[in-house]
Protein chains: 2
Amino acid sequence: MDGDQAHWLGENDFNLFRSSVPISEQEIWLSFYQLHKDKIQVQKQNVAIEKLKIIIQATFKLSNQKGFTLMSLRDLSRETNMSMGSLYTYIGSKGQLAEMIHQFLPHIFNLCIPDLSNSIKSARERLQRFIRGHVFITECLHDWFFFAFMETKHLSRANKKLAMKNELNSEQWLEKIISDGERLNEFASVDRFLMGLSIKSLLQNWYVKRTTYRQGKVTCEQYIQFIEQMINKMIEKR
Amino acid sequence: MDGDQAHWLGENDFNLFRSSVPISEQEIWLSFYQLHKDKIQVQKQNVAIEKLKIIIQATFKLSNQKGFTLMSLRDLSRETNMSMGSLYTYIGSKGQLAEMIHQFLPHIFNLCIPDLSNSIKSARERLQRFIRGHVFITECLHDWFFFAFMETKHLSRANKKLAMKNELNSEQWLEKIISDGERLNEFASVDRFLMGLSIKSLLQNWYVKRTTYRQGKVTCEQYIQFIEQMINKMIEKR
DNA sequence: GTCAATAACGAACGAGCGTTCGTTTTAATT
DNA sequence: AATTAAAACGAACGCTCGTTCGTTATTGAC
């Protein structure tokens with residue numbers, strides 16, 4: 001039942017995770033292009049993907065420096081070596097640029113961490129998969145998640161609601177796993193709400209404070225091991 | 001040795017903390033005024049404090065809605081019922097407004113959680129004081145800390161460095177307490193670096209996700225109890 | 001009631017923003 | 001080599017921004 005998919009649950013298996021999931025460089029930009037195909041005026045796929053990559057990466061770079069709002073499209077034009085007019089055939093508008101990035105995340109997230117509640121009965125394993133999947137994905141797509149975390153303010157009302165819903169979703173997912181574990185007698189009794197939010201916080205911290213962890217030479221496997229230890233001590237039965 | 005100051009280390013003592021520390025409404029605005037006295041053109045203290053309060057609170061409100069960068073001074077003028085010219089006699093410039101708020105935080109923080117490493121020997125107690133002090137202060141000054149967390153991007157290079165240094169300071173402080181506890185044989189052996197950052201993450205989560213905790217009807221005492229339990233399970237000797 | 005000193009005012013300015021669109025360059029097809 | 005469609009270009013437009021400053025209103029001491 002948990003054959004191939006479960007490989008990356010072993011120790012030290014970030015690379016196994018990567019190869020079991022469609023998030024190579026190529027696949028990411030292809031997915032991104034396909035998701036937004038209809039909004040992009042440029043028609044040749046190869047050209048579009050290549051330029052989109054340049055634009056988005058420049059957006060990440062400039063947003064890191066001064067924030068998305070303070071990044072002007074003239075900055076972006078300079079950084080990408082594209083004219084203003086050319087930019088607009090790819091991004092539609094500045095606002096849409098931000099929204100395209102935001103919308104990509106739940107898309108890729110669901111692709112890599114599918115709902116496991118039917119196929120996998122053990123709550124402990126579902127929790128483990130969620131935690132490791134989360135850290136691994138945010139490790140692969142750090143720039144994307146960091147951008148989304150920092151620049152929530154600039155979304156349209158509709159997309160802001162969507163972002164909040166996704167956020168809420170993953171919190172409720174965690175709560176569900178915890179209460180299942182408790183019901184199945186796998187976990188000790190804890191406050192589901194606080195436990196879920198705390199796990200979420202620790203998971204987010206991995207990409208929000210990435211520079212700090214890099215400086216301390218912490219790998220994502222080490223981080224997973226540490227927070228799993230912390231979480232297990234809370235939920236393990238004595 | 002730990003007479004009066006230690007009162008708020010008991011259970012359910014948020015109010016005791018508040019009364020043991022100079023952060024009543026009045027005291028906050030007075031401190032803020034005094035810290036920035038030299039930059040404010042208006043000379044009468046009463047007038048200045050009253051107006052500053054209006055300006056800063058409006059800044060918090062508007063920044064929450066659209067972010068500091070997207071908040072124009074015309075928005076601020078409308079919200080405060082003050083003219084553009086009048087605003088400028090208080091804030092100097094839009095950038096300085098942000099910096100005044102940022103600079104206030106380490107000021108008030110050090111006032112409320114002094115360095116306890118000399119007077120208090122027990123690492124466990126120092127850790128407890130730090131955690132509870134942190135949650136209590138960020139509970140009292142939520143708008144300030146939330147603003148500072150969200151709007152780091154708009155600081156001058158000098159003040160950005162300062163903010164990072166303060167951040168780093170509190171992380172190193174935690175690391176120090178943890179390694180002291182280990183050395184004094186109070187704590188079990190854990191990864192200081194990861195433990196410090198994790199605690200920091202949980203502490204920040206209290207004010208970053210405040211709305212969520214409010215909705216879940218979690219009080220700050222309950223939050224403290226929960227994360228202390230989580231932390232203790234990691235550091236307690238078996 | 002007078003008169004300085006202080007505070008508030010708001011129109012005006014120049015800079016820079018996001019966006020548009022008529023034109024030019026490039027690439028592919030015949 | 002000619003034709004045509006696609007893509008890139010960048011000057012120009014209208015607008016809003018942060019900021020200034022000459023003027024008006026308010027205050028409080030005498």
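Hydrogens, waters and symmetry mates play no part in the numbers below; they use all other heavy atoms, side chains included. Proteins get letters first, then strands, A, B, ... in listed order; numbering begins at 1 in each.
Side-chain N/O atoms of A/S83 include none lying less than 4.0 angstrom from OP1 or OP2 on D/dA8.
Two residues are said to be in side-chain contact when any heavy atoms from C-beta on lie closer than 4.5 Å; A/F145 and A/I137 meet this criterion.
Side-chain contact of B/S63 with B/E151: a donor-acceptor pair under 3.5 Å is absent, judged by distance alone. Side chains of B/E27 and B/S24: a donor on one and an acceptor on the other come within 3.5 Å.
The nearest whole Å value for the distance from the CG atom in A/N81 to the P atom in D/dG10 is 11 Å. Taking atom CG on B/L87 and atom C1' on D/dT20, their separation rounds to 14 Å, with Å as the unit. With rounding to whole Å, A/R78 atom CZ is found 11 Å from C/dG16 atom C1'. Between the CG atom of A/L76 and the P atom of C/dT19 there is a distance of 12 Å, rounded to whole Å. In this structure, A/Q41 atom CD and D/dC9 atom P are separated by 15 Å, rounded to whole Å.
Remark: A/K94 is positioned above the aromatic ring of A/F68, its terminal NZ or CZ atom under 6.0 angstrom from the ring centre and at most 45 degrees off the axis.
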Short N/O separations, protein against nucleotides 14-19 of chain D, under 3.5 angstrom:
from   : atom 1 : to    : atom 2 : distance (Å)
D/dG18 : OP1    : B/K94 : NZ     : 2.9
D/dG18 : OP2    : B/L73 : N      : 2.7
D/dG18 : N7     : B/R74 : NH1    : 2.8
D/dG18 : O6     : B/R74 : NH2    : 2.5
D/dT19 : OP2    : B/Y88 : OH     : 2.5
D/dT19 : OP2    : B/K94 : N      : 2.8
D/dT19 : O5'    : B/Y88 : OH     : 3.0

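Residues forming a side chain to side chain donor-acceptor pair (under 3.5 Å) with A/T138 (at least two apart in sequence, or on another chain): none.
A heavy-atom distance below 4.0 Å to DNA chain D is reached by these residues of residues 42-61 of chain A, ordered by number: A/V42, A/Q43, A/K44, A/K51.
B/E171 approaches B/K200 most closely through the heavy-atom pair OE2-NZ, 3.7 Å.
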- request: Would you please test A/R214 and A/E139 for salt bridge (Lys or Arg N to Asp or Glu O under 4.0 Å) and show each step?
  value: CA-CA 11 Å; A/R214 277 278 162 86; A/E139 174 72 9; 3.3 Å; yes
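Relative ring orientation between A/H142 and A/F146 is described as parallel, the plane-to-plane angle staying below 30° on a 0-90° scale split at 30° and 60°.
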